[in-house]
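A note on names: the letters A, B, ... follow the listed sequences, proteins ahead of strands, and every chain is numbered from 1. Heavy-atom basis, side chains included; hydrogens, waters and symmetry copies ignored.
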There are 2 protein chains.
Amino acid sequence: MRKGEETRGRILDVAEAAVLAKGFGATSIEELIVETGITKSGFFYHFRDKNQLAKALLTRYIEADERIYDDIFGRARELMDDPLQSFLLGLKLLAELLSDLPNGHPGCLVATSCYYERLFDREIQDINRQAVLRWRTRFRGMIQQIVEVYPPREPVDLDQLADMVSTVLEGGIVMSKALKEPDTLANQLLVLRAFMKLMFQPSPRA
Amino acid sequence: MRKGEETRGRILDVAEAAVLAKGFGATSIEELIVETGITKSGFFYHFRDKNQLAKALLTRYIEADERIYDDIFGRARELMDDPLQSFLLGLKLLAELLSDLPNGHPGCLVATSCYYERLFDREIQDINRQAVLRWRTRFRGMIQQIVEVYPPREPVDLDQLADMVSTVLEGGIVMSKALKEPDTLANQLLVLRAFMKLMFQPSPRA
DNA sequence: TTAAAACCATACCAACGGTACAGGAGATCA
DNA sequence: TGATCTCCTGTACCGTTGGTATGGTTTTAA
């Protein structure tokens, strides 16, 4: 039965847009079923309650997010052999992808979820935490490869340096949305790229 | 008539904690009046509706935020004459202040507000935008003074570099909350500090 | 003392999250 | 062909919430 999955996906699409635009607590099931074109009973057939919706929403978002990173940094690795150049290219490709979004980045569900601690149960909070830890692992792996070739020019913890990518992405999204300047996110990522270049690229005089 | 202001402040205290812990839409007026110890009528005496509460919350938060930055970077300026050293000291002082928060940073209302576009009117969105623009002006002023003495070692837009401070703060708060690691925010700020050092500090061989 | 400020009490409404239960259309399979 | 399962619709109901209204009372400052 494939049709159920499709309806479920449509509910999640509508819900994701609504949650990112007005918050989870302010998103009513009523508006979701109106916009999706189903009934309340139909909604509760797919999701036991609002909390299950949140969980499905978050896991789906995280999986899509991972696929994007796999794709971008996988391509960068194919195009560049040098780990530093590959990382810098990945950041550039990501910046391009982000600046090509027509209405700017719609927002990050991981970011919004961490502002709902008292609303969500431990399971959801843990899903969120694991997602951020996977980001850390991903970028630390790339940075470790860089460090093996290029020693960092300032003493820095590699986990913290890896987290910086996620930090700039999350912060950049907030800045872009608050300023209503879609470019800001991509630009902040490019500033991070310049920082990373400075951190690892050998000095021209060496 | 001072007592009114005090009650109003208490409502805002309770509301701020609630909004940061579960979102604006999920924060009920009912719980606010229970925790504040007033009646519903009392609440609506101070705030015409929930939107006015949001506006008051946000403006109060932004003003307190500005006072903190004035204080920290003002002290840093007193202690260090050199604009670069003063800036780096300010980042360090800010990191110390943030890591001294007992339960980690409670969250940024500016960040949450930008995830409520469809919930808030243009006025609130503009208050938010102006706040971020003031951050930009503040840090760009400091960076401009640095650039006059130390040329940047990578080509970079000064507005974007100034925004990086806010980006790392906002992103660091999200990371800290998602990971449930209070130190992460301060650590990310210190990584930014290392980046800034690399960007402006003359190379040791020069 | 007096008037404004700062509330309290009560009643009410529509909308929302959620529950419960009965049923029906359509595909799938024995 | 009949039975079963998936994927819904329809209806009815409950407690809570945001918000409005209205009238009254206590506290405070001039």
Side-chain angles (χ1 to χ4, degrees), chain A residues 1-58 60 112-113 115-121 123-124, chain B residues 1-58 60 112-113 115-121 123-124:
Chain A
M1 304 265 165
R2 206 43 124 339
K3 205 187 164 214
E5 286 302 311
E6 195 242 309
T7 305
R8 192 183 139 100
R10 257 170 45 230
I11 298 174
L12 287 174
D13 287 340
V14 173
E16 184 171 313
V19 168
L20 289 176
K22 48 201 278 193
F24 187 77
T27 298
S28 73
I29 295 179
E30 193 66 27
E31 67 174 302
L32 298 183
I33 67 176
V34 168
E35 211 167 331
T36 313
I38 57 168
T39 62
K40 208 170 190 178
S41 317
F43 175 88
F44 283 104
Y45 170 78
H46 289 286
F47 305 99
R48 205 183 323 127
D49 52 23
K50 226 185 164 191
N51 233 293
Q52 290 300 309
L53 171 69
K55 194 178 141 190
L57 218 47
L58 191 56
R60 192 185 75 145
T112 67
S113 297
Y115 275 105
Y116 300 143
E117 353 162 2
R118 234 190 275 170
L119 212 60
F120 293 156
D121 52 23
E123 194 189 355
I124 292 189
Chain B
M1 309 259 164
R2 201 45 119 341
K3 206 191 162 213
E5 285 302 310
E6 195 242 311
T7 305
R8 193 183 139 100
R10 256 170 45 231
I11 298 174
L12 288 174
D13 288 340
V14 173
E16 185 172 312
V19 168
L20 289 176
K22 48 201 277 191
F24 186 76
T27 298
S28 73
I29 295 179
E30 193 65 27
E31 66 173 301
L32 298 184
I33 66 177
V34 168
E35 210 167 332
T36 313
I38 58 168
T39 62
K40 208 169 191 176
S41 315
F43 175 88
F44 282 104
Y45 170 78
H46 288 286
F47 304 100
R48 204 182 324 126
D49 53 23
K50 226 185 163 191
N51 232 294
Q52 291 300 309
L53 171 69
K55 193 177 142 190
L57 262 182
L58 191 57
R60 193 184 74 145
T112 68
S113 297
Y115 276 104
Y116 300 143
E117 354 161 0
R118 234 190 276 170
L119 212 60
F120 294 156
D121 52 22
E123 193 189 357
I124 292 189

Self-check item: Separation of D/dT6 P from A/Arg8 CZ (nearest whole Å)
Solution: 15 Å
Quiz item: Would you say C/dC7 has OP1 or OP2 under 4.0 Å from some side-chain N or O of B/His46?
Solution: yes
Self-check item: Euclidean distance, atom CZ of residue A/Phe44 to atom P of D/dA12 [Å, nearest integer]
Solution: 18 Å
Quiz item: Between atom CG in B/Asp49 and atom P in C/dA14, what is the gap in whole Å?
Solution: 20 Å
Self-check item: Short side-chain to backbone donor-acceptor contact, B/Asp121 and B/Ile124, under 3.5 Å
Solution: yes
Self-check item: Whole-Å gap separating P (D/dC8) and CZ (A/Arg10)
Solution: 8 Å
Quiz prompt | Carboxylate-amine/guanidinium proximity below 4.0 Å for A/Lys55 and A/Asp49 | solution = no
Quiz item: Which nucleotide in the set C/dG18, D/dG18, D/dT9 lies at the smallest distance from any side-chain heavy atom of A/Thr39?
Solution: D/dT9
Quiz item: Could you state the CD1-C1' distance from B/Ile11 to C/dC7, rounded to the nearest angstrom?
Solution: 10 Å
Quiz prompt | Under 4.0 angstrom between A/Ser28 side-chain N/O and C/dA15 OP1 or OP2 | solution = no
Quiz item: Would you say the base of C/dA9 and the side-chain of B/Ser41 have a donor-acceptor pair closer than 3.5 Å?
Solution: yes
Quiz item: Is any side-chain nitrogen or oxygen of A/Tyr45 closer than 4.0 Å to OP1 or OP2 of D/dC7?
Solution: yes
Exercise. Specify the separation, in whole Å, of atom CZ of B/Phe43 and atom P of D/dG19.
Key: 8 Å
Quiz item: Over how many whole Å does the gap from B/Gln52 atom CD to D/dG18 atom P extend?
Solution: 16 Å
Exercise. Ignoring the backbone of A/Glu30, work out which of D/dC8, C/dC16, C/dA6 is nearest its side chain.
Key: C/dC16
Practice problem: Identify, between B/Lys40 and A/Thr27, the residue whose nearest nucleotide on DNA chain C lies closer to the 5' end. | Solution: B/Lys40
Exercise. Measure the shortest side-chain to side-chain distance between A/Leu57 and A/Phe47 over non-hydrogen atoms and say whether it is less than 4.5 angstrom.
Key: no
Quiz item: For B/Arg48 and C/dC7, what is the distance between atoms CZ and P respectively, to the nearest whole Å?
Solution: 18 Å
Quiz item: Any chance the rings of B/Tyr115 and A/Tyr115 have centres within less than 6.0 Å?
Solution: no
Exercise. Classify the ring geometry between B/Phe24 and B/Phe120 as parallel (under 30°), tilted (30 to 60°) or perpendicular (over 60°).
Key: perpendicular
